[in-house]
Amino acid sequence: LHGANQWLTLLYERLHFWLLRQDILHADETTLQVLKEPGRAAETKSFLWLYRTGAYAPPIVLYDYQTTRAGKHPRQFLAGFKGYLHVDGYAGYNELPDVILVGCWAHARRKFDEALKALPPGMQKTADVAARKGLEYCNKLFAIERELKEATPQERYEARLVRSRPVLDEFRKWLQEQKPQVLPKSAFGQAINYCLGQWEKLTAFLQDGRLELDNNRSERSIKPFVIGRKNWLFANTPRGARASAIIYSIVETAKENGLNPFQYLCYLFEKLPNMDTRNEQVLDELLPWSDKLPADCRVK
C-alpha cells in the first residue's frame with residue numbers, strides 16, 4: 001500500500017496544482033478519528049478537509065487530513081488560489097487572502113426549516129408564522145435558480161440582478177424588522193442571526209453567473225468519505241490518514257470524470273513505474289480528464 005500511495009501522491013500533487021489555478025472552488029470539512037497521533041489521546045477528533053472545483057471546470061475532488069479545524073489549514077492548502085470559494089459559514093475560512101467567500105443558502109434555508117419544526121404542531125401549519133415566511137424567502141431564491149438551470153452564466157448573472165436581488169433586498173429588510181422581536185437563542189432567532197451575520201457571503205452569488213446558490217456540491221463530495229467512515233470508523237496512524245485522503249481523492253476525482261476507478265488505478269500502476277514522473281506534461285496525460293487515457297478506463 002505504501003508503494004502504491006507513493007505513485008498516487010504524484011497524481012494528487014498534480015491535481016492540487018490544477019485545483020489552485022481555477023477561480024471557483026468549494027470547501028467543506030468533517031471529523032476523522034486517528035488513534036496514534038503523537039501527543040494526542042486516541043479519542044481526540046481530527047479533521048478531513050475537502051476542496052473541489054465548481055461546475056465550469058474539470059472535476060477535481062481533493063481531501064486533506066489535518067489534526068485540527070484551524071483556519072491555518074485552508075490557508076496553507078489554498079496558498080496561491082484567487083477567486084470565489086463556496087463555504088458553509090464556518091469562520092475558519094474568513095482569513096483567506098484574495099478570496100471572496102460565497103455563502104450557502106441551503107444552510108440558511110435549513111435553519112428556518114428547523115425553527116418551523118421547533119414550534120408546537122398546531123402552529124407549524126399556520127400561514128403567518130414568521131419562520132414559515134423566512135423559509136418562503138429562501139424557497140423563492142431556489143425556485144429562480146431552478147428556472148435558470150439551463151441558462152448561460154451571463155444570462156444567469158443578468159437574471160439574478162433582475163429577479164433575485166429584489167427578493168434579497170426584501171428579505172434583508174424583513175430580517176432586520178424581525179431581529180428585535182425574537183429571542184437570540186431561539187431556533188428562529190438563530191436563523192435570523194445566521195442570515196444577517198452571513199449576508200455578505202450569502203449575496204456574493206450575484207457577482208458571477210457561474211456561482212451556485214448553495215454548497216451542496218461539497219456536501220455531495222464529502223459524503224463518500226462520511227459513509228466510508230461508518231464502516232472503518234478510524235485511521236490507525238497519521239500516515240494512514242494521509243494515505244486514505246490521497247486514495248479517496250484519486251477515486252472520487254476519477255468517478256466525477258466518468259472513469260471506472262478500478263480500471264483507472266490499474267492503468268496508473270502499470271504506467272507510473274515506467275515513466276519519467278519528473279515530467280509534468282507526462283503526468284498530466286494521466287489525469288482523469290486526459291484524452292490520452294485508454295477507452296477501457298471509462299465507464300461503459
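By convention here, the first residue in the shown sequence is residue 1. Worth saying up front: this structure is predicted, and the values here are computed from it rather than measured.
- Here the shortest heavy-atom pairing between A70 and P74 reads O-CD, 3.5 Å.
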Distance-only check: which donor-acceptor pairs under 3.5 Å involve side-chain atoms of residues 52-66, not counting sequence neighbours?
| unit_1 | atom_1 | unit_2 | atom_2 | d |
| --- | --- | --- | --- | --- |
| R52 | NH1 | S221 | OG | 2.7 |
| R52 | NH1 | E256 | OE1 | 3.3 |
| R52 | NH1 | E256 | OE2 | 2.8 |
| R52 | NH2 | E256 | OE1 | 3.2 |
| T53 | OG1 | P58 | O | 2.9 |
| T53 | OG1 | I60 | N | 2.9 |
| Y56 | OH | R156 | NH1 | 3.1 |
| Y63 | OH | S221 | O | 2.5 |
| D64 | OD2 | Q66 | NE2 | 3.1 |
| Y65 | OH | E37 | OE2 | 2.4 |
| Q66 | OE1 | H73 | ND1 | 3.3 |

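- Nearest heavy atom pair, residue A27 against residue Y51, reads CB-CD2, 4.0 Å.
- Distance CG/L183 to CD/Q190: 11.0 Å, rounded to 0.5 Å.
- Scored by the side-chain contact (heavy atoms from CB on, under 4.5 Å) test, A254 finds L259, Y264 as partners (sequence neighbours excluded).
- Residues V182 and I192 are in side-chain contact: their nearest non-hydrogen atoms beyond the backbone lie under 4.5 Å apart.
- Under the side-chain contact (heavy atoms from CB on, under 4.5 Å) criterion, D276 pairs with R278, N279, not counting sequence neighbours.
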Side-chain donor-acceptor pairs under 3.5 Å in residues 285-300, sequence neighbours left out?
| unit_1 | atom_1 | unit_2 | atom_2 | d |
| --- | --- | --- | --- | --- |
| S290 | OG | E285 | O | 2.8 |
| S290 | OG | K292 | N | 3.0 |
| R298 | NH2 | S290 | O | 3.1 |

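- The minimum heavy-atom distance linking F81 with Y84 is given by the pair CZ-O, 3.4 Å.
- Looking at every heavy atom in both residues, A130 comes nearest to F188 through CB-CZ, 3.4 Å.
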Run the numbers on L211 and L206 for side chain to side chain contact (heavy atoms under 4.5 Å, CB included), then give the verdict. CA-CA 8 Å; L211 298 174; L206 293 175; over 6 Å; no
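- Residues K223 and E219 fail the side-chain proximity criterion, which asks for heavy atoms closer than 4.5 Å.
- One distance of note links CG of L48 with OG of S244; it measures 9.0 Å at 0.5 Å rounding.
- Residue C138 holds its SG atom at 11.5 Å from NZ of K111, rounded to the nearest 0.5 Å.
- Remark: the backbone N or O of L10 is not paired with any side-chain donor or acceptor of R14 at under 3.5 angstrom.
- Contact check for V282 versus T277: no side-chain heavy atoms found under the 4.5 Å cut-off.
- Linking Ile, Leu, Val, Met, Phe, Trp and Tyr whenever their side-chain heavy atoms come within less than 4.5 Å leaves Y194 and V102 in two separate clusters.
- Note that CG of N139 and CZ of F142 are 8.0 Å apart. Values are rounded to the nearest 0.5 Å.
- Looking at H16, its side chain does come within 3.5 Å of a backbone N or O of F77 through a donor-acceptor pair.
- Within a 6.0 Å sphere centred on CD of Q281, other residues, nucleotides and ligands contribute 12 heavy atoms or fewer.
- L11 is not listed as a side-chain neighbour of I246, based on a closest heavy-atom distance of 4.5 Å or more.
- Ring-plane geometry between Y93 and Y90 is classed as perpendicular, the angle between the planes exceeding 60 degrees on a 0 to 90 degree scale with a lower cut at 30.
- Contacts of R165 classified as salt bridge (Lys or Arg N to Asp or Glu O under 4.0 Å), with partners at least two apart in sequence or in another chain: none.
- A side-chain donor-acceptor contact under 3.5 Å links N257 to the backbone of T253.
- Annotation: salt bridge (charged side-chain N to carboxylate O under 4.0 Å, His left out) contacts involving residues 198-208, sequence neighbours excluded, comprise D208-R210.
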Please walk me through it: do T152 and Y157 pass side chain to side chain contact (heavy atoms under 4.5 Å, CB included)? CA-CA 8 Å; T152 65; Y157 167 75; over 6 Å; no
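- In this structure, NE2 on H26 lies 13.5 Å from CD1 on I222, to the nearest 0.5 angstrom.
- Sorted by first and then second residue, the salt bridge (charged side-chain N to carboxylate O under 4.0 Å, His left out) pairs with a member in residues 69-96 read E29-R69; sequence neighbours excluded.
- Environment of CD in E280: sparse, with no more than 12 heavy atoms of neighbouring residues, nucleotides or ligands closer than 6.0 Å.
- No side-chain heavy atom of S46 sits under 4.5 Å from any side-chain heavy atom of P238.
- H107 contributes no side-chain N or O that, together with a main-chain N or O of G89, makes up a donor-acceptor pair within less than 3.5 Å.
- Residues satisfying the side-chain contact (heavy atoms from CB on, under 4.5 Å) criterion with K45, sequence neighbours excluded, are T31.
- Counting non-hydrogen atoms of neighbouring residues, nucleotides and ligands closer than 6.0 angstrom, the CZ atom of F262 reaches no more than 12 such neighbours.
- Residues meeting the side-chain contact (heavy atoms from CB on, under 4.5 Å) test with E158, sequence neighbours left out: Q154.
- Listed by first then second residue, pairs satisfying salt bridge (charged side-chain N to carboxylate O under 4.0 Å, His left out) with a partner in residues 141-152 read E145-R160, E147-R163, not counting sequence neighbours.
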Intermediate values then yes/no, side chain to side chain contact (heavy atoms under 4.5 Å, CB included), E212 and H86: CA-CA 8 Å; E212 297 173 51; H86 289 80; 3.8 Å; yes
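- Just one residue in the list I100, N94, V99 forms a side chain to side chain contact (heavy atoms under 4.5 Å, CB included) with L96, and that residue is V99.
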Which side-chain N or O atoms in residues 168-179 pair as donor and acceptor under 3.5 Å with protein atoms at least two apart or in another chain?
| unit_1 | atom_1 | unit_2 | atom_2 | d |
| --- | --- | --- | --- | --- |
| E170 | OE2 | Y137 | OH | 2.9 |

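- Here the shortest heavy-atom pairing between S164 and I144 reads OG-CG2, 3.6 Å.
- Residues forming a side chain to side chain donor-acceptor pair (under 3.5 Å) with K255 (at least two apart in sequence, or on another chain): E252.
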Checking side chain to side chain contact (heavy atoms under 4.5 Å, CB included) for the pair F205/W105: CA distance, chi angles, key distance, verdict? CA-CA 10 Å; F205 77 97; W105 277 98; 3.7 Å; yes
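- One distance of note links CG of L202 with CG of L213; it measures 9.0 Å at 0.5 Å rounding.
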